Protein chains: 2
Amino acid sequence: MSKSVPTLEDVAREAGVSRATVSRVINGVRNVDPGIQDLVRQAVERTGYTPNQAARSLVTRRAQTIALVVSGAGDERDGGQGDFTARVFADPFFGRVVTGVVGFLRPRSMHPVLMFADSDDARRQVVDYLRQGSADGALVVSTHAEDPLPAQLAAGRLPAVCFARPAVAAPISYVDLAHRDGGLLAARHLLARGCRRPATVSGPLDLPAGQERLAGFRDGMERGGVPYVPIAEGGFTLDSGVAAMERLLAEHPDIDSVFAANDLMAQGVCRVLRDRGRRVPEDVAVVGFDDSSAALACRPPLTTVRQPVEAMAAAMAELLHEFVLGERTEPTSRIFDPELVVRESA
Amino acid sequence: MSKSVPTLEDVAREAGVSRATVSRVINGVRNVDPGIQDLVRQAVERTGYTPNQAARSLVTRRAQTIALVVSGAGDERDGGQGDFTARVFADPFFGRVVTGVVGFLRPRSMHPVLMFADSDDARRQVVDYLRQGSADGALVVSTHAEDPLPAQLAAGRLPAVCFARPAVAAPISYVDLAHRDGGLLAARHLLARGCRRPATVSGPLDLPAGQERLAGFRDGMERGGVPYVPIAEGGFTLDSGVAAMERLLAEHPDIDSVFAANDLMAQGVCRVLRDRGRRVPEDVAVVGFDDSSAALACRPPLTTVRQPVEAMAAAMAELLHEFVLGERTEPTSRIFDPELVVRESA
DNA sequence: CTGAAAGCGCTAACAT
DNA sequence: ATGTTAGCGCTTTCAG
């Protein structure tokens, strides 16, 4: 058999210097004679050396890896797992988070480990993973309101940053959107269009995002002279949007506009409208939220409130990185502004 | 400050035994007195000990991590990155792969690191990652035909398993579907329905999956007495399905059925048909491929050829695991059978 | 500017 | 059945 993977020792011998010097060259530490640097680099080339990350981590106490965890509140056992994963990926939102996170991580040669925390057991795994030092910190995206993970992470003093303020209060960092302002934007646009009989398909009302988007919309309508807005609660999925819209239409057949708290539900809304023979936007104008891929996939393309998910995700990674480096210690929040994107649905 | 994380040493002292014994208990090695086991477990509890993975990996030479890499052929620089990630997540297929992989990994407390290999540089990162021992092996899903990664992995003798046979030949393991049989299934179903003027929106013809699904379909039609099938090549995306269908309809306005090589394109096909006032399936029957979430999201719900992606992904992880454990050494292939799922579109 | 040496925390022979 | 001991490959004082 050929000799196994080369170590620092091998490179040092090959270059005729000490291990320490090779280490310095590899890690780009200053104070190394340029001539020797070349020597070492050639030796590295010849031996095909690659530093062993475990050995490195053991002394630096850094894994160069962060956990990207999608967390639910449930306590489902195995059975639910597949569904949970599937649901997460069905939402175009998650892909954007990954895009943003990877964009920040990659140039720093760090990598995300994907974890799903949809049961007590899975959550324990996440915490253990961090305590083991397998990952330097966690980026968490919660899908449910009562998710206990953020609090657990905070209690364990583990570096972590959440996407959106956790419903369960905890001293933890997060990035979030000014959801309320987003709702306001939607209301103003509909008002400007002349709509006076709006309705809304809200997000889950136990989620801050659900509440605030609704509050902002109502507030905007109220200020615009429309005191009452029929509401049907949805669950941020296409199906829930369909169901909510059917309820709304049954009780309020004369509405002239709908604000859906995310694009997936807006898509459901459009589908129902179409099936009922109502034209969008002529008969009923529809405004979504997120500006996800669903907004463009929808017929007609959705006018929607853009949430800069990629930028938010990158900021989340950046914050975490600062914690890991010890440059930051206090829990921090970073709030982004929404923006109206006008297309054809309203 | 409180003393930092407890080590084996601390637990050993606390329990009044040697490090070795504690290690044995923790790793469930036999030959340890039950009484002492309890003692140790209590000490672990009291100290809140968690094994350090880096130290462990250093000696076991196992990271308990595998790389889940999505690989393209491109050589795009930074700019393309975001798009690539977004495109990957937009396809419901990838979520199913993750579900299957995680399902296998989780019970073994192993975790997937997400990597995107859409440039030479990124591919180098993947190879280095494995050589560093940060991951024990790679699971690769290629999105393009000329993806050089599988060959690179094989050349480096790195443990790896691909989803689908790589277009670039290499001595590497993979799981795949009997695509040809899938095409046959679609043809037979359409034939049984009485369709005699079929057309097909194929996948990219430089991809084995694209070629074989098409070949199977044509073969089936031929055997059923239909010698000619108009074809338009697509790219497995919704938009490409729309474009392909428009071309098809322009040149062959009298077709009575369409076989699309995946559900996303079938969705596009249905959309075009609907816009042109053709009823599905009354005027034109449509059969998709994959049975992804897009099949159910489509109106009408798609009759499609099911690809057991989750099971295939789990098999991929299992194969890799066997390589990592050294239980398997020769490149291996595992082929799954497709299955027709009849819904409303055909 | 470079080398020698001391660990990082753990597992696995080898003793006992 | 348990303890002793030697590393795994690397970074990092500390001398020189």
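Every chain is numbered from 1, with letters handed out A, B, ... down the list of sequences. Please read these numbers as outputs of a predicted model, since none were measured by experiment. FYI, side chains are in, hydrogens and waters are out, and symmetry mates aren't considered; it's all heavy atoms of this structure.
- Proximity note for A:R61 (side chain, C-beta onward) versus C:dT2, C:dG9, C:dA12: the nearest is C:dG9.
- At distances below 3.5 Å, at least one donor-acceptor pair connects side-chain atoms of B:Q37 with backbone N or O atoms of B:V32.
- Along DNA chain D, the stretch of nucleotides lying under 4.0 Å from any heavy atom of chain A spans, 5' to 3', D:dG9 to D:dT13.
- The pair A:R106-B:D118 meets the salt-bridge criterion, with a side-chain N (NZ, NE, NH1 or NH2) lying under 4.0 Å from an Asp/Glu carboxylate O.
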Stepwise side-chain hydrogen bond (donor to acceptor under 3.5 Å, both in side chains) check, B:D147 with B:S71: CA-CA 7 Å; B:D147 182 13; B:S71 183; 2.6 Å; yes

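- Between the side chain of B:S57 and the backbone N or O of B:Q53, at least one donor-acceptor pair lies under 3.5 Å.
- Candidate nucleotides C:dC8, C:dA4, C:dC10 were compared by shortest atom distance to the side chain of B:A55, and C:dC10 ranks first.
- If you check C:dA12, C:dA6, C:dT2 against the side chain of A:R19, the one that comes closest is C:dA6.
- Position along DNA chain D of the nearest nucleotide to A:T60 versus B:G16 favours B:G16 as the more 5'-ward residue.
- Considering only side-chain atoms of A:S18, the nucleotide from C:dG3, C:dT11, C:dT2 that sits closest is C:dG3.
- Between A:E318 and A:R334 there is a salt bridge, since a side-chain N of the basic residue sits under 4.0 Å from a carboxylate O of the acidic one.
- Counting non-hydrogen atoms under 4.0 angstrom, A:N52 reaches the backbone sugars and phosphates but no base.
- A heavy-atom distance below 4.5 Å is not found between the side chains of A:N52 and A:T7.
- In terms of modelled atom types and a separation under 3.5 Å, the side chain of A:R62 and the main chain of A:R56 share no donor-acceptor contact.
- Each end of the helix from C:dC1-D:dG16 to C:dT16-D:dA1 yields a helix axis from five base pairs, and these two axes differ in direction by 40° (to the nearest 10 degrees).
- A:F89 has its ring centre less than 6.0 Å from the ring centre of B:F89.
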